[in-house]
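In what follows, chains carry the letters A, B, and so on, assigned in the order in which the sequence lines appear, proteins first and then strands, with residues in each chain numbered from 1.
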Amino acid sequence: MDHRQGGVLGWDQIAPSRRDFLKAAGVGVLFTTVAGGVVGGLGRGLRPASAATQTLSLVATDGYATVPGRENDPLYIFGFHDVTSDPDQSVSHLVSQYKGHTQMSAPTLDFLQNDDMKITLTNLGLVQRPDLTDSHTIHWHGFDIPSPLNDGVPEVSVAVPIGKQLTYFYRPHREGTYMWHCHFEDVEHVQMGMTGIVFVRPLQDGTSVGGFTKFAYNDGDGSTGYHRHFAILLNEVWSNFHDGDRDIQESIATDYEPQWFTLNGRTYPQTTLPNDHHGEASGITTPNPNYDDAPDVSQPNSSLVQVNPGERVLLRLANLGYQQHAMQLPGIPLHVIGQDASLLRDGTTDLSYVTNTLYIGPGEARDVLFDAPAYDAARPSGSGPGARGPYNVYYFKNRDWRRLSSLGSPGPGGSPSGMMTEVRVYQNPLPAQQYVSQTYV
Amino acid sequence: MSEHAEMRRGRKATMARRTRRLGLALALAAGSAVLIPGHADALPPGFAKIGMVCTPGSVSGTTHTFNLIANTGYADTPDGNSIFMWSYANRDAPDNDHFQSPGPVLCVTEGETVVVNLTNTLPEPASIVFPGQEAVTAAGGSAGLLTTEAAASGGTVSYSFTAGNPGTYLYQSGSDQAKQVEMGLYGALIVRPNSTTCPVVAGTACAYGAATRFNPGREYLLLLSEIDPVLHHAVETNGTYDINARRARYFTINGREFPDTLQDNGTALQPNQPYGSLVKIQPNTPTNTQPALIRMINAGLLNHPFHPHGNHTTQIAQDGRSVARTEHFGETIGSGQTLDYLIRWDDQDQWDPTSNPLPVPQPNYRNLTFKDGNTFYSGTPYLGYKGTLPTGTVSQNVCGEWYFPWHSHALNEFANFDEAFGGMATLLRVDPPGGCFAGPTGTTIVGGVLKGGTFAALAVDDAAYYQVNPKTTTRPTATTIGATTITVASASGFPTSGTYYIRIDNEVMQVTGGQGTTTWTVARGQLGTTAATHATGATVTALANDWYASFTGVPTGASNIKVTYKGKNCSNTTGTTCSALTLNLPQQTVKICNWTIAGAAGCSSSTSAGWVTLPAPPAQPQGVGSTLEVSSTWTLPGAGTAYVGTGTYKGQVRILVHTQRWTAPSPTAFSTWGNLMKIVYDAP
């Protein structure tokens, strides 16, 4: 059985008819934008009668992942995993197929403003801890005016116990970058790996504004347009919760001292390996001790940023660690145009800013644009993979060198580990991006 | 038994213990208003139970004086710990030095001269600094590193400054801060704009200028801090402490940790931690347009990434200065910073169980988990509605309101030492528009007869009516001009006490005796009519009808009860369509049962003493015909204690509609058509 995990859900699963609709709907929205000259609240509250409905099926269970220094002692994790494509959605089938094989970080969810989202969560239970009867939930972090039922906080609504399903419903009116995670005993479950990015594309997508057809926000002027976008989730990993949950030991949350610092659930240089979906393969596997060390592909989400010179790139950044991080991309200025699913604009005043060091606290999101520089053969560079040819490399990394280490140590040969990835600017053109965070092998 | 199995049992036992503890805490949180009706330690008389409470101080001219004492006491944590604290307390009555953590909330007005007199009972010099205030002067005391200090064990110092820019500020100790601020010597200073900065508009206030108006009934303070109990223990026991080894274990909002943060201001359960932090708002409506104001202060040493569930907050200021507006679902407040936010609740989807249901089937709640068997959930996803929860699940929900956590997303701070779902967290509570509301759960006719409809017709403003006719009966014998005692075929449906009017042919009589029997003493020729003879079998008609609607489940402590009744009167007493009634309109009086006057007996009949006419506006009685359905809302300001039944009638509210028509010299029939009856109240 192949436990390769889906990494991006949503946009690329949309039927062609819906794309056609988007083009049609987008024109009307553009008109509104230009005529109104107001961006805040644009399009909210209005839902075209023909907006699409999308259905997803996610399962929650346990599994294992690999972190540096623990190659032979993989890290016990909880996680979410996409099973939408499985024709048999019965609980018994899902349990038999997917229980005990999860992933860290969760699939990136890609939705369109005003579409209806129906997400069914099935709790498969835990293989390693049959005694631990934890429920799970989906919390869309930052979603406006949800019913408590769909906010996923068990103390103020409900949670999904083992062997049960609940269909969550969302109609996102507000475009931008968010995150999602389990809110059941979230101090523990978030740390255990049940975290991902969800973003909402603006209705303006598909229209032509300022030379772009894809946008972070309904900006009205193309100022948030981009050619490629990448979703990168910042996390820390603290062994106490993972080992404690595996070994039936208590962990004291306020002792928190993480040893690993991850982007999309991986540390550098694994962050630069490809995705494990859409026909790509990272080569990162973890022996699953509950299945005779059979290899699981449990860290499917790449953080590699592959771009062409001159392209405008959107980084959708979110932090579901418990610490604030200072991220840098030396050599390329970062233009922060949005935060917390809000365009940085107050009325007509542009509040976007250019920085070299981006602070992002736990539970916060940032939308950052940068322009890929020209390819320069004289710059530090690499080549590949395969026949891709040469590229210039820029590092997107944490400024705090302690977070460029794992278990307190740097990577092999003293190279950085931890919270770092690469921006690769290719000499030979890459094809157009088909989905968020696409990697090219 | 294997070691493995033993460990497993240990974990289970620990979890069960936690579950009980949290369940208890939640129950106490919701029940406090019921069990202990307010406790005034360290709070001014008449304080609001929810929202920011200012310590009044004294105002003389443009000088605003506060008298504070630095003293010691204990703060309780939800996991049963008791922490030795230092803090500032209010010297003035009624607090009289009662220890409180954090210090009093000092609210002053821009431009006022502020005087803060400090008496120090601590064993070392102490002081106050006011970051953000300029030209602070001190009298008395002796010079310290950062400001003038009051000597140990009884020394005094007096600070004075002119309140500067409006905004939210921290005040804290300026002496040995590594120890004293950590021990709790801090509080909030609120500078309100003067009427030049914020021109007066009724029902609003400003945080800064006129662009920052908010609903003054929705002003909230969230003062964040941290506690390392090791330091506090060291201070209490004269031990040693390495400040570099500091590790905070408790993360507080307004001096409490979740779920204690949900308790009312002044709860007796936390006599030294007077400030709750539940944030309560209502959806914005055309008549309710002002946002809530959230004043956030970080008195701790760590930065805190605060995450409001439910809706974005709009940041309007930082450190007492207006900033360009940005919206957030998570924002880190730095150590020592203050941030001000506005929040509105504008529901774009308006999900409704009948008119706009969620497009997914609603779950069978028996297949889901209610954590710890104790929930704030209403049982439905719809605002203002309550559903059925599985047996054994305890609901803390009053009337279908919504709850969302607001918490630090450094999730290690979302815990009390080792217990999750605690620490730096509170709840946002969203009440239904206008407040909690209730529809009738029954009707009772105490004078009259049912024409048609049921009480359910009163639930919504629609084409269904609850219809009542005045009662009629007959006279088995003829009536002479002079008779003052008459016998009727039946007294059923006529008032059983009090005086009331009846009509036979065109004569109005007043029943003055024999009520409840079939033989009545009457006064003849009333209300401008003339006594006359009446034939055998003549119809006897009451001039009025009286009926009341009952509401159940209204919580003790409900306040600001608003009663809405909408209805009309028609000239026909039979048939299903309303015949026009446009002249000599029936006079309608709506009353509420005051249970304290004569208990349930006071509201048993139409003329019982407990019925209190609802106070104007609108004035009563009102003429109500068939042309326009008259909709009126009366408000009973303040506590609703008298109007919510107790004992057998616990949670009951009764609203009586009395309608009377008399038209000399030719009285005519009518019927009363009730369309909508509801009550709205502020839940405790």
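When ring centroids are compared, A:W140 and B:F329 stay outside the 6.0 Å threshold.
Summarising the geometry of B:A410 relative to A:Y322, their closest heavy-atom pair is CB-O, 3.4 Å, with the distance given to 0.1 Å. In this structure, B:P359 and A:K118 approach most closely via the heavy-atom pair O-NZ, 3.1 Å.
Using a 4.5 Å heavy-atom threshold, the side chains of B:F404 and A:V156 count as separate. A heavy-atom distance below 4.5 Å is found between the side chains of A:L351 and B:T326. With a 4.5 Å cut-off on side-chain heavy atoms, A:V187 and B:N412 do not count as touching. A:E257 places a side-chain heavy atom less than 4.5 Å from the side chain of B:R247. A:N150 places none of its side-chain heavy atoms less than 4.5 Å from the side chain of B:P381. You'll find the side chain of B:H309 reaches within 4.5 Å of the side chain of A:H139, heavy atoms only. Between B:K371 and A:S135, the closest side-chain pair of non-hydrogen atoms is not below 4.5 Å. Looking at B:N367 and A:Q165, their side chains never come closer than 4.5 Å, going by heavy atoms from C-beta outward.
Listed options B:T332, B:L302, B:L383 were ranked by heavy-atom pairs under 4.5 angstrom with chain A; first place goes to B:T332. For the options B:L411, B:L358, B:N311, heavy-atom pairs under 4.5 Å to chain A are most numerous at B:L411. In terms of non-hydrogen atom pairs under 4.5 Å with chain A, the most contact-rich of B:F370, B:W351, B:Y403, B:W402 is B:W402. Of all the listed residues (B:S378, B:G330, B:S408), the one sharing the greatest number of non-hydrogen pairs under 4.5 Å with chain A is B:G330.
With a 4.5 Å cut-off on non-hydrogen atoms, A:N319 does not touch chain B at all. Proximity to chain B (any heavy atom under 4.5 Å) is restricted, for A:L320, to the side chain, taken from C-beta onward. Neither the backbone nor the side chain of A:Y359 comes within less than 4.5 Å of any heavy atom of chain B.
Interatomic distance, A:Q324 CD to B:H409 NE2, rounded to the nearest 0.5 Å: 14.5 Å.
Judged purely by atom type and a 3.5 angstrom limit, A:D340 has no side-chain atom pairing as donor or acceptor with the backbone of B:H312. Of the possible polar contacts, none joining the B:H307 side chain to the A:H141 backbone as a donor-acceptor pair under 3.5 Å is found.
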